[in-house]
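Down below is the structure, laid out as structure tokens.
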Number of protein chains: 2
Amino acid sequence: MRLNLNKIITMQLLKETLQREGLRYTKQRQEIWNELRSSNEHRDAEEIFFALRKRGLEISRATIYRTIDVLVKYNLIDKLDIGDGRARFEYNDKYLHHDHLICTSCGKIVEFHNDEIEELQKKIAKQHNFKFSHHSHQLFGICEDCK
Amino acid sequence: MRLNLNKIITMQLLKETLQREGLRYTKQRQEIWNELRSSNEHRDAEEIFFALRKRGLEISRATIYRTIDVLVKYNLIDKLDIGDGRARFEYNDKYLHHDHLICTSCGKIVEFHNDEIEELQKKIAKQHNFKFSHHSHQLFGICEDCK
DNA sequence: TATTTTATTGAGATTAAGTCTCATTAAAAT
DNA sequence: ATTTTAATGAGACTTAATCTCAATAAAATA
């Protein structure tokens, strides 16, 4: 298959989300979304800025931050706090969602997914009459190598 | 009971933790710990600073931040990110631990505790050979009043 | 108890993540 | 093609958090 179907589908997702919310499908939003989408890393705003610059794109930091806010708000990316001073973000694949286990000694990040926890989260939100949208869930400890 | 036993016990906990780690049991650390301990609020560094000031204590912001780092490191308080730009902290009562459900519209915070999730967290850390210390767990959604 | 050692503190300078402003640009509606 | 209005860029601005270093005070030692 020559066609990048996955990319087409996710770009369509962005377009539809923005249209649904009455927002514009701009070149910059496409580039930022594509950059986050095409990598599994946990990236901060500055890294995204330099990644786009490296690809020859002129884009403002303000636009990075503004676009990130939109993507988080509509659940296209997840925000993640690993305890250094910056917010990190990653593509939210709803069908392969994961949380994070972080070593407080070396900073290593292990991703995990647990359906039981996801179910319990929905249940708890429902009990309190909340319309559940997303969660932030980090476990901290000392990894095998650092023990 | 005239004696504030609860306070004596928690002050002892601070003293023993600091001694165990070779750190000093200072007046400032006692005051900050006492301030956090005596309230259930989710407070940021600035609020703690002003609370102590109001009680006539001269203390530096730098000391607040440094002490908070120590208390978080040794699990005496929990760090919490509700999505505004500041870190918030609260007394970590190990026997009455709770997580947070946050309304993204009005900012309301509902506390909850779920033993099943706690057990799953320990299990996941163990599976990855991590020595589990603590977690950060926030659920986001829209509350009943905002729907 | 007095002295010594060394971690901690205070005050303010510094850093840097993130936000804001406003003139300009470009989506998308007409 | 024209109009409308949201989005962008560049850099100033804000502010949470960190850093510096001389002064202070815990706690160890004599």
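Just the heavy atoms: all of them, side chains too, but no hydrogens, waters or symmetry mates, feed the values below. Because the structure is a prediction, the values reported are computed rather than measured. Each chain gets a letter, A, B and so on, in the order its sequence line appears, and its residues count up from 1.
We find that CZ of Arg86(A) is positioned 16 Å from P of dT19(C), with the value rounded to whole Å. Between the CG atom of Asp84(A) and the C1' atom of dA17(D) there is a distance of 13 Å, rounded to whole Å. Computed from coordinates, the Ile68(B) CD1 to dT9(C) C1' distance equals 15 Å when rounded to whole Å. Atom-to-atom, CD1 of Ile32(B) to C1' of dT8(C) comes out at 11 Å; the value is rounded to the nearest Å. Taking atom CG of residue Leu18(A) and atom P of nucleotide dA28(C), one finds them 9 Å apart after rounding to whole Å. Note: CD (Glu21(B)) to P (dA7(C)) measures 15 Å, nearest angstrom. At whole-Å resolution of the value, CZ in Arg29(A) and P in dG9(D) are 11 Å apart. Summarising the geometry, the separation between CG on Leu23(A) and P on dA29(C) is reported as 12 Å, rounded to the nearest angstrom.
In this structure, His134(A) has its ring center closer than 6.0 angstrom to the ring center of Phe140(B). Ring pair His98(B)/His113(B): centre-to-centre distance not below 6.0 Å.
Gln121(B) and His135(B) share a donor-acceptor pair across their side chains, judged by distance under 3.5 Å alone.
Ionic pairing of Lys131(B) and Glu144(A) is not present here: no N-O contact between side-chain nitrogen and carboxylate oxygen is shorter than 4.0 angstrom. Taking a cutoff of 4.0 Å between a charged side-chain nitrogen and a carboxylate oxygen, Lys122(A) and Glu118(A) do not qualify as a salt bridge.
When each of Gly85(B) and Arg61(A) is assigned the nucleotide of DNA chain D bearing its nearest heavy atom, the one mapping closer to the 5' terminus is Arg61(A). Sequence order on DNA chain D of the closest nucleotides to Lys15(B) and Ala87(B) puts Ala87(B) first from the 5' end.
Contacts of residues 42-60 of chain B with DNA chain C (heavy atom under 4.0 Å): Glu58(B), Ile59(B), Ser60(B).
Remark: Lys79(B) NZ to Leu71(B) CG distance equals 13.5 Å, nearest 0.5 Å.
Distance alone, capped at 3.5 Å, places no donor-acceptor pair between the Asp44(B) side chain and the Ala87(B) backbone.
Shown here are the side-chain contact (heavy atoms from CB on, under 4.5 Å) partners of Glu58(A), two or more places apart in sequence or in another chain: there are none.
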**Complete:** Per-nt protein contacts along nucleotides 19-26 of chain D (heavy atom under 4.0 Å; B base, S backbone sugar-phosphate only, - none) come out as BB----BB
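Side chain of Tyr65(A), nearest nucleotide from dT8(D), dA7(D), dA17(C): dA17(C). Comparing dG9(D), dG10(C), dA16(D) by their closest approach to the side chain of Thr63(B) singles out dG10(C).
In this structure, Arg37(B) forms no cation-pi arrangement with Tyr91(B), as its terminal cationic atom is not both closer than 6.0 Å to the ring centre and no more than 45° off the ring axis.
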